[in-house]
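Here is the structure we will look at.
Bear in mind that the values here come from a model prediction, so they are computed numbers and not experimental data.
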Amino acid sequence: MGNIFILNPDSKIACSKYFFRSMISIAFMIAILAGSVLAQQKVIDAPPPDGTDGESPDPALVQVSEDPHLPRVLIIGDSISLGYALEVRKLLAGRANVQHPDVNCWSTEFGLAHLKQWLGEKHWDVIYFNFGLHDLKYLDDKGAYVTPDKGRQVTPIKQYQANLRSIVATLQTTGAKLIFATTTPVPSGANGRVQGDEIRYNAAAAQVMRELGIEIDDLWSVVNPSLPTLQQLHNVHFTTEGSRVLGAEAASRIARILPNPGRS
């Protein structure tokens with residue numbers, strides 16, 4: 001005859017409590033690990049500090065001295081904007097103080113985290129801004145640029161639009177006149193990006209800007225007809241001439257809405 005075990009009711013309660021506490025502990029550890037992974041992804045997807053490779057910092061990132069009698073212009077954008085910011089500064093010399101944050105402004109998520117820092121406490125008359133190329137790129141879980149089948153897109157379209165709305169809301173608190181620049185073309189073979197993907201993102205951004213009454217400067221249309229001579233091969237970046245063309249367009253649009261010097 002087999003042995004018969006009778007479990008004390010108090011033991012059942014004790015076992016239940018132990019099981020419940022164990023499950024809570026496991027859930028807590030999972031939450032911590034998930035948060036750690038997300039935090040690592042956010043840290044990875046950020047621009048490298050300028051000059052860390054031993055080279056001199058990009059001249060566009062240098063904060064130049066200002067004429068207090070001239071209006072102030074802030075250009076916010078990624079490395080494409082760094083390419084044309086100096087041209088804008090040159091073309092508007094004597095008409096405006098043109099600055100760029102001292103970093104590559106990267107994606108909309110990165111922009112939301114740093115926007116107030118970039119704006120500072122001083123008044124801005126015009127803010128010319130773009131986000132896009134770092135939102136539509138694909139990264140793996142280590143932050144490396146990959147093809148779509150091996151990673152994830154940094155900012156899906158719906159989130160991109162939501163981020164842009166939040167960015168515009170913050171920019172509008174400055175009282176500055178705003179111009180959104182469309183994202184420039186993604187060519188074939190561009191690392192971590194899909195050719196033509198910027199068209200979808202530009203359409204999404206245009207929808208937001210129209211809803212909010214923000215002026216749009218269509219840089220995409222300015223350079224797209226002449227990409228072979230203006231853009232580097234299989235690369236989202238531009239040649240010196242390409243940056244000059246972009247800068248001339250941006251400066252022209254900014255100049256139209258500059259206030260007269262000597263404002264109070």
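Applying the under-4.5 Å side-chain rule to Ile, Leu, Val, Met, Phe, Trp and Tyr, the cluster around Leu233 consists of that residue alone. Other members of the hydrophobic cluster containing Val146, listed by chain and number, are Tyr138, Val194; membership follows side-chain contacts under 4.5 Å among ILVMFWY residues, whether direct or relayed.
Interatomic distance, CG of Leu164 versus CD1 of Ile214, reported as 10.5 Å (0.5 Å rounding). To the nearest 0.5 angstrom, Ile216 atom CD1 is 8.0 Å from Thr182 atom OG1. Separation of atoms CG (Leu119) and CD (Gln117) is listed at 10.0 Å; rounding is to 0.5 Å. A distance of 14.0 Å separates CD of Glu215 from CZ of Arg210, quoted to the nearest 0.5 Å. With values rounded to the nearest 0.5 angstrom, Glu249 atom CD is found 10.0 Å from Ile254 atom CD1. Note that the CG atom of Asp218 and the OG1 atom of Thr184 stand 11.0 Å from one another [nearest 0.5 Å].
Nearest heavy-atom pair, Gly83 versus Ser243, reported as atom, atom and distance to 0.1 Å: O-CB, 3.2 Å. For Val236 against Ile80, the heavy-atom pair with the smallest separation is O-CD1, 3.3 Å. When all heavy atoms of Ala85 and His100 are compared, the closest pair comes out as CB-CD2, 4.4 Å. Scanning both residues, Ser79 and His237, for their nearest heavy atoms gives OG-NE2, 2.8 Å. Closest non-hydrogen pair, Ala204 versus Ile157, comes out as CB-CG2, 3.9 Å. The two atoms that bring Pro185 and Leu227 nearest to each other are CB-CD1, 3.6 Å, heavy atoms only.
At least one donor-acceptor pair under 3.5 Å links the side chain of Asn97 to the backbone N or O of Asp67. Although no hydrogens or angles enter the test, the distance criterion places a donor-acceptor pair under 3.5 Å between the side chain of His234 and the main chain of Ser188. Of the possible donor and acceptor atoms, one in the side chain of Asp125 sits under 3.5 Å from a partner among the backbone N and O of Arg72.
For the side chain to side chain donor-acceptor pair (under 3.5 Å) test, residues two or more places apart in sequence or in another chain that qualify with Glu241 are Arg244. Ala255 meets the side-chain contact (heavy atoms from CB on, under 4.5 Å) test with Leu92, Arg95; sequence neighbours excluded. In this structure, the side chain to side chain donor-acceptor pair (under 3.5 Å) partners of Asp217, at least two apart in sequence or on a different chain, are Tyr128, Arg253. With sequence neighbours left out, the side-chain contact (heavy atoms from CB on, under 4.5 Å) criterion links Leu86 to Pro59, Ala60, Arg89. Lys116 is linked by a side chain to side chain donor-acceptor pair (under 3.5 Å) to nothing, counting only residues two or more places apart in sequence or in another chain. Every residue two or more places apart in sequence or in another chain that forms a side-chain contact (heavy atoms from CB on, under 4.5 Å) with Ser226 is listed here: Thr229, Leu230. Applying the side-chain contact (heavy atoms from CB on, under 4.5 Å) test to Gln159 and every residue at least two apart in sequence or in another chain returns Thr155, Pro156, Ala162, Asn163.
Val245 and Leu91 fall into different hydrophobic clusters, where Ile, Leu, Val, Met, Phe, Trp and Tyr residues are linked whenever their side-chain heavy atoms come under 4.5 Å apart, directly or through other members. Neither Val62 nor Trp118 shares a network with the other; the hydrophobic side chains, linked directly or stepwise wherever heavy atoms of I, L, V, M, F, W or Y lie under 4.5 Å apart, form separate groups for each. The cluster map of Ile, Leu, Val, Met, Phe, Trp and Tyr, joined by side-chain heavy atoms under 4.5 Å apart, puts Leu112 and Trp106 in the same cluster. The cluster map of Ile, Leu, Val, Met, Phe, Trp and Tyr, joined by side-chain heavy atoms under 4.5 Å apart, puts Leu212 and Ile127 in the same cluster. The hydrophobic clustering, which links ILVMFWY residues whose side-chain heavy atoms are closer than 4.5 Å, places Ile179 and Val208 together.
For the pair Arg193/Leu133, a side-chain contact is recorded, criterion being any heavy-atom separation below 4.5 Å from C-beta on. Within the 4.5 Å cutoff, the side chain of Leu219 has no heavy atoms near those of the Val223 side chain. At least one side-chain heavy atom of Gln153 sits less than 4.5 Å from a side-chain heavy atom of Leu136. Looking at Leu74 and Pro101, their side chains come closer than 4.5 Å, going by heavy atoms from C-beta outward. Residues Asp135 and Thr183 form no side-chain contact, since every pair of their non-hydrogen atoms from C-beta on lies 4.5 Å or further apart. The closest side-chain heavy-atom distance from Pro187 to Gln195 is not below 4.5 Å. Taking the side chain as every heavy atom from C-beta outward, His134 and Val154 never approach each other to under 4.5 Å. You'll find the side chain of Ile76 reaches within 4.5 Å of the side chain of Leu171, heavy atoms only.
Applying the side chain to side chain donor-acceptor pair (under 3.5 Å) rule to pairs touching residues 165-174 yields Arg165-Glu211, sequence neighbours excluded. Here ring-ring contact (aromatic ring centres under 6.0 Å, His included) pairs that include residues 174-233, with residues two or more places apart or in two chains, are Phe129-Phe180, Tyr160-Tyr201. Evaluation of the salt bridge (charged side-chain N to carboxylate O under 4.0 Å, His left out) test over residues 222-233, restricted to residues two or more places apart or in two chains, returns none.
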Give the C-alpha distance, both sets of side-chain angles, the deciding distance and a yes or no for side chain to side chain contact (heavy atoms under 4.5 Å, CB included) between Met209 and Val168.
-> CA-CA 9 Å; Met209 299 307 151; Val168 170; 3.9 Å; yes
Would Trp124 and Gln99 satisfy side chain to side chain contact (heavy atoms under 4.5 Å, CB included), going step by step from the backbone distance to the final call?
-> CA-CA 10 Å; Trp124 296 102; Gln99 302 283 15; 3.9 Å; yes
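The side-chain contact (heavy atoms from CB on, under 4.5 Å) test with Ile257 is passed by exactly one of Val73, Val126, Leu178: Val126.
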